[in-house]
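For this chain, numbers begin at 1 and follow the sequence in order. Both counts, for ligands and for their atoms, begin at 1 and track the order of listing.
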Amino acid sequence: MILFDPADIRIRVLNSAILAPSPHNTQPWRVAFRGEERIVLSIDHTRLIPGCDPIGRQAFISAGAFLENLDLAAKSGGFRADIDLFPWGWPDARTVAEDPVAHVDLIEDRRVDCDPLFLKIPLRHTNRRRFEGKKVPLEAAGELTAAYDFSLVPLGFSHDDDLIRSVADLAAEAMEIELADRERVRETLRYFRFTDREVRSSSDGFGHAQSGYGRLARFFIGRFILSRERASSSPESFSRMAKKSTREQVAGAGGIGWLSTKGDHRVDQVRAGRAYQRVHLKASALGLALQPVSQPISDYPDMADLRSGIHELLGVPATHTIQMLFRLGYADPVPATPRRALGEFF
Ligand SMILES: Cc1cc2nc3c(=O)[nH]c(=O)nc-3n(C[C@H](O)[C@H](O)[C@H](O)COP(=O)(O)O)c2cc1C
């Protein structure tokens, strides 16, 4: 067991950093301490999902969200986080190297101000409930845009009914494509928690509670409608259910948002992750529910046609990359997903 000094600022900031979002709640972060003040962040290769995320783009987005939380926590403690991205040099954009993603030095600095978004870190949760169907006003989208440095990672938004319906159709089709591949199904089943018992015995993944189902409903669904046995023995029925719920989730959104970048280098992905985290924290502050919809923008070849379709629909040039696509709306909150103990990240 690793013994930590709770007064060490690095421990305090890491406890906030690991509350960041990650694909399937894989938590693909590895950290090390160097000297008195440095944190080294790398990608944990054992937690990549190469079927669903073949070039590791989502893992680097998640590393960006981790760094954003870390930065907010440092400021709240009166420290400046000097973040040096890819200190060993420019990494390849399609393979995941062992090189660190960042060196972070924490320097005490009285001039830093606490950012109010820090307070939202423990309250930000991915919400898979059915949303109320009320439109998200354009002013709210404006506030999301103002929550981060917009210049390199523009935010797109629409609450047009026809567009939402078209995204719902594409997202449902994309879910079917995602689950038509054995490896991708295997990865999803590895991180999906079918019952409360599975939730209690794991410290990663996500389950029905994040879709807003109460205890009794979770018991019946996990036992009779969507059990691990059924999903494993009949991936087709798992896929059918996932497709149906994806269509309903997206069609009931009060708006669709997306973050894109001009390039798709690792630094773009990390930047997009930081932007996404600030957008989600701001959405939480505004009382907005948010859920990413990643299947239509996935990088595996089976999705190429559909990905072009979503670019066309949203008016994003084919030369740019949509890093995050998400639905926004109004819904009751959902419980937090679990995290591994801090020592397991070292
Ligand atoms: C890059 C990325 C892609 C994601 N894609 C999806 C998605 O397609 N559907 C979804 O419901 N959640 C998606 N999520 C949300 C994760 O499942 C969620 O962050 C994780 O389960 C942890 O839960 P939390 O966000 O409530 O802390 C994504 C998150 C990230 C960072």
Which of the numbered atoms in ligand 1 are below 4.0 angstrom from a heavy atom of [X]?
{"X": "Gln295", "result": "8 (O)"}
{"X": "His24", "result": "17 (O)"}
{"X": "Ser22", "result": "16 (C), 17 (O), 18 (C), 19 (O), 20 (C), 29 (C), 30 (C), 31 (C)"}

Query raised in the report: Mind checking what makes ring-ring contact (aromatic ring centres under 6.0 Å, His included) contact with Phe86, not counting sequence neighbours?
Result: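 Once residues adjacent in sequence are excluded, Phe86 has no partner under the ring-ring contact (aromatic ring centres under 6.0 Å, His included) criterion.
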Query - Member of Lys120, Glu68, Arg124 meeting the side-chain hydrogen bond (donor to acceptor under 3.5 Å, both in side chains) criterion with His280 - result: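 The option that passes is Arg124.
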So for ligand 1, is [X] a polar contact partner (N or O within less than 3.5 Å, distance only)?
{"X": "Tyr276", "result": "no"}
{"X": "Ser62", "result": "no"}
{"X": "Gln58", "result": "no"}
{"X": "His125", "result": "no"}

[atom] [closest protein heavy-atom partner, distance rounded to 0.1 Å]:
{"atom": "atom 11 (O) of ligand 1", "value": "Arg128 NE, 2.6 Å"}
{"atom": "atom 21 (O) of ligand 1", "value": "Asn25 CB, 3.4 Å"}
{"atom": "atom 23 (O) of ligand 1", "value": "Thr337 OG1, 3.0 Å"}
{"atom": "atom 25 (O) of ligand 1", "value": "Thr126 OG1, 2.6 Å"}
{"atom": "atom 14 (N) of ligand 1", "value": "Pro292 CG, 3.4 Å"}
{"atom": "atom 2 (C) of ligand 1", "value": "Met324 CE, 3.8 Å"}
{"atom": "atom 19 (O) of ligand 1", "value": "Pro21 CB, 3.1 Å"}
{"atom": "atom 8 (O) of ligand 1", "value": "Ser294 N, 2.9 Å"}

Could you tell me whether [X] and [Y] have a side-chain N and a carboxylate O separated by less than 4.0 Å?
{"X": "Arg193", "Y": "Glu198", "value": "no"}
{"X": "Arg240", "Y": "Glu236", "value": "no"}
{"X": "Arg186", "Y": "Glu183", "value": "yes"}
{"X": "Lys262", "Y": "Asp268", "value": "no"}
{"X": "Asp99", "Y": "Arg266", "value": "no"}
{"X": "Lys75", "Y": "Asp71", "value": "yes"}

**Report entry** Within 6.0 angstrom of Phe33 CZ, more than 12 heavy atoms from elsewhere
**Finding:**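 For Phe33, atom CZ is crowded (more than 12 foreign heavy atoms under 6.0 Å).
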Query raised in the report: Is the number of heavy atoms from other residues, nucleotides or ligands under 6.0 Å of Arg130 CZ greater than 12?
Result: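 Atom CZ in Arg130 is not packed in, count stays at 12 or less.
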Query raised in the report: Taking non-hydrogen atoms only, is Glu178 closer than 4.0 angstrom to ligand 1 via side chain, backbone, both or neither?
Result: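 It is neither; nothing of Glu178 touches ligand 1.
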Taking the non-hydrogen atoms of [X], is any one of them nearer than 4.0 angstrom to ligand 1?
{"X": "Ala65", "value": "no"}
{"X": "Gln210", "value": "no"}
{"X": "Gln27", "value": "no"}

Query raised in the report: Are Gln58 and Cys52 close enough that some pair of their side-chain heavy atoms sits under 4.5 Å apart?
Result: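 Counting from C-beta outward, Gln58 and Cys52 never come under 4.5 Å.
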Query raised in the report: Out of Val13, Leu67, Leu119, Leu281, which residue meets the side chain to side chain contact (heavy atoms under 4.5 Å, CB included) rule with Leu72?
Result: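 For Leu72, the side chain to side chain contact (heavy atoms under 4.5 Å, CB included) check succeeds only for Leu281.
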